[in-house]
> 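What follows is a single structure, and I will ask about it in a moment.
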Amino acid sequence: QVRLVESGEGMVQAGGSLKLSCTTTGYTQRFYAMAWFRQGPGKEREAVAGIASQFDTTYYGKSVKGRCTISRDSTKNQVYLEMNSLKPEDTDMYYCAALPEGSPFTVPLRAHDFQFWGQGTQVTVSS
């Protein structure tokens with residue numbers, strides 16, 4: 001059974017940094033494309049960043065480009081999202097997601113393409 005668990009929840013001041021982690025179990029992570037999405041109350045789920053299974057090609061959403069870095073350590077079955085220069089509008093629930101094995105890494109990333117999801121971790125940025 002595929003399971004994704006996020007960690008790194010936190011509250012930071014604007015301009016600060018935070019690193020989220022996603023630990024995956026139940027499959028070999030290096031064969032799956034992974035991504036981070038975020039969603040706030042009443043808002044659509046927005047793609048933050050993604051990393052392809054091949055060559056670790058990365059994708060970043062427009063709202064975070066230049067401020068975030070996605071990476072993976074397949075030996076630990078972990079994916080990370082480092083966020084810098086955080087803004088109050090970055091406040092959201094952040095979700096880790098995995099594409100089914102063999103699925104194309106299509107950008108911009110679309111939430112409905114991702115089959116596996118974590119429960120989410122809250123990021124709050126105060127002004």
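Just so you know, residue 1 is the first one in the sequence shown, and it goes up from there.
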> Restricting to non-hydrogen atoms, name the atom on Gln115 and the atom on Pro100 that form the minimum distance, rounded to 0.1 Å.
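Distance-wise, the nearest heavy atoms are OE1-CG, 2.9 Å.
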
> State yes or no: do Met34 and Phe105 share one hydrophobic cluster built from I, L, V, M, F, W and Y residues joined by side-chain heavy-atom distances below 4.5 Å, directly or via other members?
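No; Phe105 is not reachable from Met34 via cluster members.
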
> Answer with yes or no whether the side chains of Arg72 and Ser53 bring together a donor and an acceptor at under 3.5 Å.
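Short answer, no.
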
> Indicate whether any N or O donor in one side chain lies under 3.5 Å from an N or O acceptor in the other, for Gln78 and Thr24.
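The answer is no; no qualifying pair exists.
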
> Does a side-chain N-to-carboxylate-O contact under 4.0 Å join Arg110 and Asp113?
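A salt bridge links Arg110 with Asp113.
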
> Of Leu4, Val5, Asn77, which meets side-chain contact (heavy atoms from CB on, under 4.5 Å) against Cys22?
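Going through the options one by one, the only one that passes is Leu4.
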
> Side chain to side chain contact (heavy atoms under 4.5 Å, CB included), that's the test. Do Leu20 and Trp36 meet it? Break it down for me.
CA-CA 9 Å; Leu20 305 181; Trp36 288 92; 3.7 Å; yes

> Step through the shown structure and confirm whether more than 12 heavy atoms of other residues, nucleotides or ligands are within 6.0 Å of CD on Gln119.
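No, because the 6.0 Å sphere around CD of Gln119 holds 12 heavy atoms or fewer from other groups.
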
> Might you work through the side chain to side chain contact (heavy atoms under 4.5 Å, CB included) test for Gln122 and Asp92, ending with a clear yes or no?
CA-CA 6 Å; Gln122 179 67 39; Asp92 264 329; 5.6 Å; no

> With rounding to the nearest 0.5 Å, note down the distance linking OH in Tyr60 to CD1 in Ile51.
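Nearest 0.5 Å value for the OH-CD1 distance: 7.0 Å.
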
> To the nearest 0.5 Å, what is the distance between CD on Glu101 and OG on Ser103?
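If I round to the nearest 0.5 Å, the distance is 9.0 Å.
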
> To the nearest 0.5 Å, tell me how far Arg67 CZ sits from Asn84 CG.
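Nearest 0.5 Å value for the CZ-CG distance: 9.0 Å.
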
> Going through the checks in order, is the side chain to side chain contact (heavy atoms under 4.5 Å, CB included) test met by Leu81 and Cys68?
CA-CA 7 Å; Leu81 181 69; Cys68 289; 4.1 Å; yes

> Is it possible for you to say whether Tyr94 and Val79 belong to one hydrophobic cluster, with membership spreading through side-chain heavy-atom contacts below 4.5 Å?
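In one cluster with Tyr94: Val79, yes.
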
> Any chance the side chains of Tyr80 and Glu82 put a donor and an acceptor closer than 3.5 Å?
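Side chains of Tyr80 and Glu82: no pair found under 3.5 Å.
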
> Looking only at heavy atoms, what is the nearest atom pair of Leu99 and Tyr32, with distance?
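Leu99 and Tyr32 have their closest heavy atoms at O-CD2, 2.6 Å.
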
> Enter the distance from Arg45:CZ to Met93:CE here, rounded to the nearest 0.5 Å.
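If we round to the nearest 0.5 Å, Arg45:CZ and Met93:CE are 9.5 Å apart.
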
> Between Met83 and Val123, is there a side-chain heavy-atom distance shorter than 4.5 Å?
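Yes - at least one pair of side-chain heavy atoms lies under 4.5 Å apart.
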
> Looking at every non-hydrogen atom in both residues, tell me the closest pair between Leu109 and Ala35 and how far apart they are.
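Nearest pair, atom of Leu109 first, then Ala35: CD1-CB, 3.8 Å.
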
> Here's a test for you: under side chain to side chain donor-acceptor pair (under 3.5 Å), which of Lys87, Glu89, Arg38 qualifies with Ser63?
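In the set Lys87, Glu89, Arg38, the residue that makes a side chain to side chain donor-acceptor pair (under 3.5 Å) with Ser63 is Arg38.
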
> Looking at Phe114 versus Phe37, is the centre-to-centre ring distance below 6.0 Å?
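Yes: the rings meet the under 6.0 Å criterion.
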
> With respect to Val64, which candidate in Thr69, Val48, Ile70 satisfies the side-chain contact (heavy atoms from CB on, under 4.5 Å) definition?
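It is Val48; the other options fail the test.
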
> Show the nearest heavy-atom pair for residues Ala14 and Ser127, with the distance to one decimal.
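Answer, listing the atom of Ala14 first, then Ser127: CB-CA, 4.3 Å.
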
> Tell me whether the count of non-hydrogen atoms from other residues, nucleotides or ligands lying under 6.0 Å of NZ in Lys43 goes above 12.
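Yes, enclosed.
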
> Give the intermediate values and the outcome of side chain to side chain contact (heavy atoms under 4.5 Å, CB included) for residues Phe116 and Val2.
CA-CA 7 Å; Phe116 308 109; Val2 177; 3.6 Å; yes

> Can you tell me if Asp73 uses its side chain to pair, donor with acceptor, with the backbone of Thr75 under 3.5 Å?
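Yes.
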
> For Val125, does its backbone N or O pair with a side-chain atom of Thr91 as donor and acceptor, under 3.5 Å?
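Yes: the side chain of Thr91 pairs with the backbone of Val125.
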
> State the OG-CG distance between Ser74 and Asp56, to the nearest 0.5 angstrom.
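Result: 6.5 Å between the selected atoms.
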
